[in-house]
Q: 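Structure in structure tokens, see below.
Values in this document were obtained by computation on a predicted structure and should not be read as measured data.
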Amino acid sequence: MNRTKSPHAGLARRDLLKLTGTGIAAFGAASIFTVSNAKAQTMSNEWDKTFSRSGKVDHEKVTFTNRYGITLSGGLYLPKDRAGSRLPAIAVGGPFGAVKEQSSGLYAQTMAERGFVTLAFDPSYTGESGGEPRNVASPDINTEDFMAAVDYLGLHASVDRERIGVIGICGWGSMALNAVAADKRVKAVATSTMYDMTRVMSRGYNDSVTPEQRAQTLEQLSRQRWEDAANGTPAYQPPYNELHGGEAQFLVDYHDYYMTPRGYHARAVNSGNAWTITTPLSFMNMPILTYIKEIAPRPVLLIHGENAHSRYFSETAYEAAAEPKELLIVPGANHVDLYDKADMIPFDRLQSFFAQHLSA
């Protein structure tokens, strides 16, 4: 594998995060693979997920194509006792920089155990999905990925297309809300430990980035484009979630998930890999929660940990959303706890929420 590095790659990672206003959840990526345009990667037939396989659920790898012609790879989960009936369905995405073999797959499998057809997917340019260059994110294309998942579910023989919901985790929580605001086919949306990716990239954590810092970041990223164009390939950031000492606790928490047997996956963006340096550009001027009120009258459920550094994203989104809406704060939970800790993730509430709003 070849990784093109920019002369700016020597900039301290902490300085880059300070300038861009992003943190570990906003970056991290998989390696560069040679792919053919928008085709999917070769999919593994092994159960290579970070969670145990359920005996109550049928699972298969599937592919589907988004509106931009990129082939996405997904994990489809169906209740074994479905008996040929058409069931409600849920598309599941996230966290930002993760793959379907991690948190989204766990959510999808658990909700399938509870009677839903579910689809966890790798976003464009990541994991086993197609698109090149590798490990690029886009608020537009990744919002479209959710809509494409709804396309797929609505055409599946086991799904009642009038009973489709969405779950977005971490950074894909904001993509989910943006998608549902526009896609009126979706009847209900829930987010867990949500990040507003455009807000954190453009304004930093707790909106701490100054106009001068923003201008400096845009200057650097704009000039990086010339370097990438001259090289014919994008430069990538330093590896993510490697600890060197002195990191904030939430960065330690990310490491404990993405870089240990608990949640490590070689294809995941955040498991010691990196996004392209210029990934933030398309996020900087695009506040994707602008139209959150237009989700109504369909319901919104926002779930967040009491002790999560990111809790303010869900609180702000809750204030901006129209009724019906609910903000559920999980006592004692930090941001990463809601990735995989089944005793803390409120699956009972997710089940009752979707059972109510995806009812026949």
Q: Has Glu319 got a side-chain atom pairing as donor or acceptor with Thr316's backbone, closer than 3.5 angstrom?
A: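 Such a contact is absent between Glu319 side chain and Thr316 backbone.
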Q: Provide the closest heavy-atom pair for Phe146 versus Gly168 in the form atom of the first, atom of the second, distance.
A: CZ-CA, 4.1 Å
Q: Can you confirm whether Leu106 sits close enough to Lys49 that some side-chain heavy atom of one is under 4.5 Å from a side-chain heavy atom of the other?
A: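 Side-chain contact under 4.5 Å: no.
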Q: Counting distance only, does the side-chain N/O of Asn231 pair as donor-acceptor with the main-chain N or O of Thr233 below 3.5 Å?
A: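 Not confirmed, Asn231 side chain does not pair with Thr233 backbone.
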Q: Any chance you could lay out the side chain to side chain contact (heavy atoms under 4.5 Å, CB included) test for Tyr125 and Trp275, step after step, and finish with the verdict?
A: CA-CA 10 Å; Tyr125 307 105; Trp275 293 109; over 6 Å; no
Q: Answer yes if Met147 and Met197 sit in the same cluster of Ile, Leu, Val, Met, Phe, Trp and Tyr residues linked by side chain heavy atoms under 4.5 Å apart, and no otherwise.
A: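 Unlinked, Met147 and Met197 end up in two clusters.
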Q: Kindly assign one of parallel, tilted or perpendicular to the pair His335 and Tyr195, based on the angle between their ring planes and the thresholds 30° and 60°.
A: perpendicular
Q: Just jot down the salt bridge (Lys or Arg N to Asp or Glu O under 4.0 Å) partners of Asp256, sequence neighbours excluded, or say none.
A: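 For Asp256 there are no salt bridge (Lys or Arg N to Asp or Glu O under 4.0 Å) partners, ignoring immediate neighbours.
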Q: Evaluate the side-chain proximity of Pro234 to Ile277: yes if any heavy-atom separation is below 4.5 Å, no if none is.
A: no
Q: Short question: side chain of Lys187, backbone of Arg185 - any donor-acceptor pair under 3.5 Å?
A: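 The answer is yes, because a donor-acceptor pair under 3.5 Å joins these two groups.
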Q: Verify the neighbour count for atom CZ of Arg225: are there more than 12 heavy atoms of other residues, nucleotides or ligands below 6.0 Å?
A: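 No.
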Q: Would you say NZ of Lys80 has more than 12 non-hydrogen atoms from neighbouring residues, nucleotides or ligands within 6.0 angstrom?
A: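 More than 12 heavy atoms, drawn from other residues, nucleotides or ligands, come within 6.0 Å of this atom.
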Q: How about Tyr318 and Met194: do any of their side-chain heavy atoms sit closer than 4.5 Å?
A: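 When only atoms from C-beta onward are counted, Met194 and Tyr318 do not touch, as no gap falls below 4.5 Å.
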Q: Main chain of Val136, side chain of Thr279: is a donor-acceptor contact present, judged purely on distance under 3.5 Å?
A: no
Q: How are the rings of Tyr152 and His156 set to each other: parallel, tilted or perpendicular (split at 30° and 60°)?
A: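 Tyr152 vs His156 ring planes: tilted.
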Q: Any chance you could measure Tyr339, atom OH, to Thr193, atom OG1, to the nearest 0.5 Å?
A: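 One gets 6.0 Å once the value is rounded to the nearest 0.5 Å.
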Q: Are the side chains of Phe313 and Arg199 in contact, using a 4.5 Å heavy-atom criterion?
A: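 The answer is yes; the side chains approach within 4.5 Å.
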Q: Is the side chain of Thr110 donor-acceptor paired with the backbone N or O of Tyr107 at a distance under 3.5 Å, no angle test?
A: no
Q: Return yes if a side-chain donor-acceptor contact under 3.5 Å exists between Gln109 and Ser54, otherwise no.
A: no
Q: Find out if a path of hydrophobic residues (ILVMFWY) with successive side-chain heavy-atom gaps under 4.5 Å connects Phe64 to Met43.
A: no
Q: Side-chain contact test, heavy atoms from C-beta onward, threshold under 4.5 Å: evaluate it for Ser282 versus Asp140 and give yes or no.
A: no
Q: Any salt bridge between Glu219 and Arg223, counting N to O under 4.0 Å?
A: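 Yes, charged N to carboxylate O under 4.0 Å.
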Q: Does the pair Leu302 and Lys325 meet the rule for a side chain to side chain contact (heavy atoms under 4.5 Å, CB included), with working shown?
A: CA-CA 8 Å; Leu302 304 166; Lys325 59 183 179 179; over 6 Å; no
Q: Looking at NE2 of His265 and CD of Glu101, how far apart are the two atoms once the value is rounded to the nearest 0.5 Å?
A: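 It comes to 4.0 Å.
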Q: Given 3.5 Å as the limit, does a donor-acceptor pair link the side chain of Glu306 with the main chain of Ala333, or not?
A: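 Judged by distance alone, no pair lies under 3.5 Å.
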Q: Roughly how far apart are Leu251 CG and Glu242 CD, rounded to 0.5 Å?
A: 13.0 Å
Q: Would you say the side-chain atoms of Asn66 and Ser124 include a donor-acceptor pair closer than 3.5 Å?
A: yes
Q: Rounded to the nearest 0.5 Å, what separation is found between the CG atom of Asp183 and the CD atom of Glu144?
A: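 So the gap between those two atoms works out to 9.0 Å.
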Q: Does Arg298 use its side chain to pair, donor to acceptor, with the backbone of Ala188 at less than 3.5 Å?
A: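 Side chain of Arg298 to backbone of Ala188, a donor-acceptor pair under 3.5 Å: no, none is there.
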Q: For residues 66-88, which residue pairs qualify under ring-ring contact (aromatic ring centres under 6.0 Å, His included), counting only residues two or more places apart or in two chains?
A: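 Counting only pairs at least two positions apart or across chains, the ring-ring contact (aromatic ring centres under 6.0 Å, His included) contacts touching residues 66-88 are His59-Tyr77.
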Q: Passes side chain to side chain contact (heavy atoms under 4.5 Å, CB included), Asp340 versus Ser103? Steps please.
A: CA-CA 6 Å; Asp340 67 330; Ser103 184; 5.8 Å; no
Q: Apply side chain to side chain contact (heavy atoms under 4.5 Å, CB included) to residues Val336 and Arg262 and explain how you reach the verdict.
A: CA-CA 11 Å; Val336 176; Arg262 172 185 169 192; 3.5 Å; yes
Q: Between Val186 and Leu358, is there shared hydrophobic-cluster membership here, with clusters defined by ILVMFWY side-chain heavy atoms closer than 4.5 Å?
A: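 Cluster IDs for Val186 and Leu358 match.
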Q: Does a sphere of radius 6.0 Å around CH2 in Trp226 hold more than 12 heavy atoms from other residues, nucleotides or ligands, not counting ones at 6.0 Å or beyond?
A: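 Counting other residues, nucleotides and ligands, CH2 of Trp226 stays at 12 neighbours or fewer.
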Q: Ser104: which residues meet the side chain to side chain donor-acceptor pair (under 3.5 Å) condition with it, sequence neighbours left out?
A: none
Q: Spell out, as yes or no, whether a donor-acceptor pair under 3.5 Å connects the side chain of Asn142 to the backbone of Ser138.
A: yes
Q: Could you pull out all donor-acceptor pairs under 3.5 Å where a side-chain atom in residues 116-123 meets a protein atom, sequence neighbours excluded?
A:
{"unit_1": "Thr118", "atom_1": "OG1", "unit_2": "Ala108", "atom_2": "O", "d": "2.7"}
{"unit_1": "Asp122", "atom_1": "OD1", "unit_2": "Lys100", "atom_2": "N", "d": "2.8"}
{"unit_1": "Asp122", "atom_1": "OD2", "unit_2": "Lys100", "atom_2": "NZ", "d": "2.6"}
{"unit_1": "Asp122", "atom_1": "OD2", "unit_2": "Glu128", "atom_2": "N", "d": "2.8"}

Q: Just so I know, are the side chains of Thr126 and Val99 near enough to count as touching, which here means a heavy-atom distance under 4.5 Å?
A: no
Q: Are the ring centres of Phe96 and Trp172 closer than 6.0 Å?
A: yes
Q: Kindly write out the residues that satisfy side chain to side chain contact (heavy atoms under 4.5 Å, CB included) with Glu60, not counting sequence neighbours, or none if the list is empty.
A: Val62, Leu76, Leu78
Q: Are the side chains of Pro346 and Phe353 in contact, using a 4.5 Å heavy-atom criterion?
A: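 Not in contact.
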Q: Quick one: CD on Gln237 to OG1 on Thr276, what's the gap to the nearest 0.5 Å?
A: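 The CD atom of Gln237 sits 7.0 Å away from the OG1 atom of Thr276.
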Q: Side-chain heavy atoms nearer than 4.5 Å, only ILVMFWY residues, links allowed to pass through others: does that put Leu155 and Ile164 together?
A: no
Q: Can any side-chain N or O of Arg163 pair as donor or acceptor with the backbone N or O of His357 at less than 3.5 Å?
A: no
Q: Leu350 versus Ile303: any side-chain heavy-atom pair under 4.5 Å?
A: yes
Q: Only pairs under 3.5 Å count here: list side-chain donor-acceptor contacts from residues 283-296, not counting sequence neighbours, and write none if there are none.
A:
{"unit_1": "Asn285", "atom_1": "OD1", "unit_2": "Arg214", "atom_2": "NH2", "d": "2.4"}
{"unit_1": "Thr290", "atom_1": "OG1", "unit_2": "Pro287", "atom_2": "O", "d": "2.7"}
{"unit_1": "Lys293", "atom_1": "NZ", "unit_2": "Ala320", "atom_2": "O", "d": "3.2"}

Q: Using a 3.5 Å distance criterion without hydrogens, assess whether the side chain of Arg82 forms a donor-acceptor pair with backbone atoms of Pro79.
A: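 Present.
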